2 protein chains.
Amino acid sequence: MPRLKGADRRTQILEAAERVILHKGLAAATTRDVTSDLGVAAGLLAHYFSWSALRAAAFSRVVVADIDQSVTGRSRDAPDTVLSDLVDGAFSAEADALWRLWLEATEMGASDALLAEAASEATDRWHGALSDLLARGHSDGVWTCPTPHESSWRIIAILLGLAGLCLIPGSPLSRDAATHHLRIAVRHECGLSA
Amino acid sequence: MPRLKGADRRTQILEAAERVILHKGLAAATTRDVTSDLGVAAGLLAHYFSWSALRAAAFSRVVVADIDQSVTGRSRDAPDTVLSDLVDGAFSAEADALWRLWLEATEMGASDALLAEAASEATDRWHGALSDLLARGHSDGVWTCPTPHESSWRIIAILLGLAGLCLIPGSPLSRDAATHHLRIAVRHECGLSA
DNA sequence: GACTTTGTTGAGCGATCGCTCAATTGAGCA
DNA sequence: TGCTCAATTGAGCGATCGCTCAACAAAGTC
């Protein structure tokens, strides 16, 4: 393991923190999880980050990367395709970890200012990305969505709500049922398409 | 402080636990919070409950009491009045603690089987109560809701999702905006009434 | 009053957490 | 080669947690 310059080590720790919180969640993740993932001593982490700052930064990066991949980065694809893919993949097993992070960031934001700020910014980013997508489909004539900024909030809310309901072990709401309800809600917000 | 018989002490501890989790949240609450609320020694709690069992039981009681008060217990009131009151009070400041408990139970349910079961049962109860209300309004001709069991899931989901968005400190979504979005969603599920 | 049963006490155990810090290592440079 | 200093180590501090358990106190029973 070669010795690294400060900036490189910082990004390396950040990426390890992303892996750890995706695997264990924001609340269960510890500084030792991150340092042992990298194979370095426990004391090294505090040399570069406070735990709360690292945790919030890792959360931001994970969420922003997901939004970019599923919405922002697909600005050249047809709006209905992007939205349809969003609905189809919303409650897949791979998405669980991401929804869990959202719930945890919301809750822990009550006592962690950095996490609250990260969650607030991520929410803004998500709302903006989805609003743009809805507006694009409207102006392209793909669907009818006269108030994309409003519809975006409702879709995000039902998405988060259904995700939370699915996450409960032994939940009475299956993933398929959640996808069904999300599709109906999205269709309503976008006229009859998607 | 007179010595209590076992059953009385159990309910007394349960009620104290309800107060504590409403005030501090499920994750931040400790056994010492409960015993100091009652003014008894720390060791007494473990004589009656394990902490995880007490926490799950207290969560169940708080949530069930709220559902009964706002929905189930108002079966003699007009359905549109009940639903309207539900929307109006959904994101009041007093409701914050309850929504926080929902989010925490969902998240902690991943590693706490008792809490997962309590959350699952509470979800069932909520879905049943809201389904009944929607069906009653439909059969009374107050509104049109042909599939109350389905609509109930969507309303619960958007309710939980909007609540989570409001809970983030510095959230871009205000309580008034959340109430607005909930009202629109409910109106859509119930035809044009409510 | 002697004895059993049950409720209650509170110091403290064992585990976990983020973080500290003196000691050590090694790359860059004269 | 000797020097400097940032990078790294890892034992351990201090705080917190749920929970244990020997000791004690008050009813109930005879």
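Letters go in sequence order (proteins before strands), and every chain restarts at 1. Worth saying up front: this structure is predicted, and the values here are computed from it rather than measured.
- Between A/R175 and A/D96 a salt bridge is recorded (basic side-chain N to carboxylate O distance below 4.0 Å).
- Atom CZ in B/R10 sits roughly 15 Å away from atom P in C/dT6 (whole-Å rounding).
- Under the 4.5 Å side-chain criterion, counting only non-hydrogen atoms from C-beta, B/W126 is in contact with B/L159.
- Each of B/L14, B/I21, B/I13 was compared with B/V34 under the side-chain contact (heavy atoms from CB on, under 4.5 Å) criterion, and only B/I13 meets it.
- The listed nucleotides are C/dC19, D/dT8, C/dT8; the one nearest the side chain of A/Y48 is D/dT8.
- Between B/R32 atom CZ and C/dC13 atom C1' there is a gap of 11 Å when expressed in whole angstrom units.
- Look at CG on B/L45: it is 18 Å from P on C/dA11, rounded to the nearest Å.
- A/R154 has a carboxylate O that lies under 4.0 Å from a charged side-chain N of A/E150, or vice versa, which qualifies the two as a salt bridge.
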Practice task
Please lay out, stage by stage, how A/T30 and A/D33 fare under the test side chain to side chain donor-acceptor pair (under 3.5 Å).
Solution key: CA-CA 5 Å; A/T30 68; A/D33 289 330; 3.2 Å; yes
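- Contact check, A/R9 against D/dT8: a side-chain N or O comes under 4.0 Å of OP1 or OP2.
- Between A/G43 and A/H47, the residue whose closest nucleotide on DNA chain D is further toward the 5' end is A/H47.
- Nearest-nucleotide positions on DNA chain C place B/L44 closer to the 5' end than the other of B/L44 and A/T31.
- Going from atom CG of A/D8 over to atom P of C/dA27 covers 15 Å, rounded to whole Å.
- Taking atom CD1 of residue A/I13 and atom P of nucleotide D/dT9, one finds them 10 Å apart after rounding to whole Å.
- Candidate nucleotides D/dG18, C/dG10, C/dC17 were compared by shortest atom distance to the side chain of B/T30, and D/dG18 ranks first.
- In this structure, A/F49 places its CZ atom 12 Å from P of C/dC19, rounding to the nearest Å.
- Rounded to whole Å, the distance from CE on B/M108 to P on D/dC17 is 13 Å.
- Contact annotation for A/A29: backbone-only contact, meaning every heavy-atom pair under 4.0 Å involves sugar-phosphate atoms and none involves a base.
- Atom CG in A/L26 sits about 16 Å away from atom C1' in C/dC17, given to the nearest Å.
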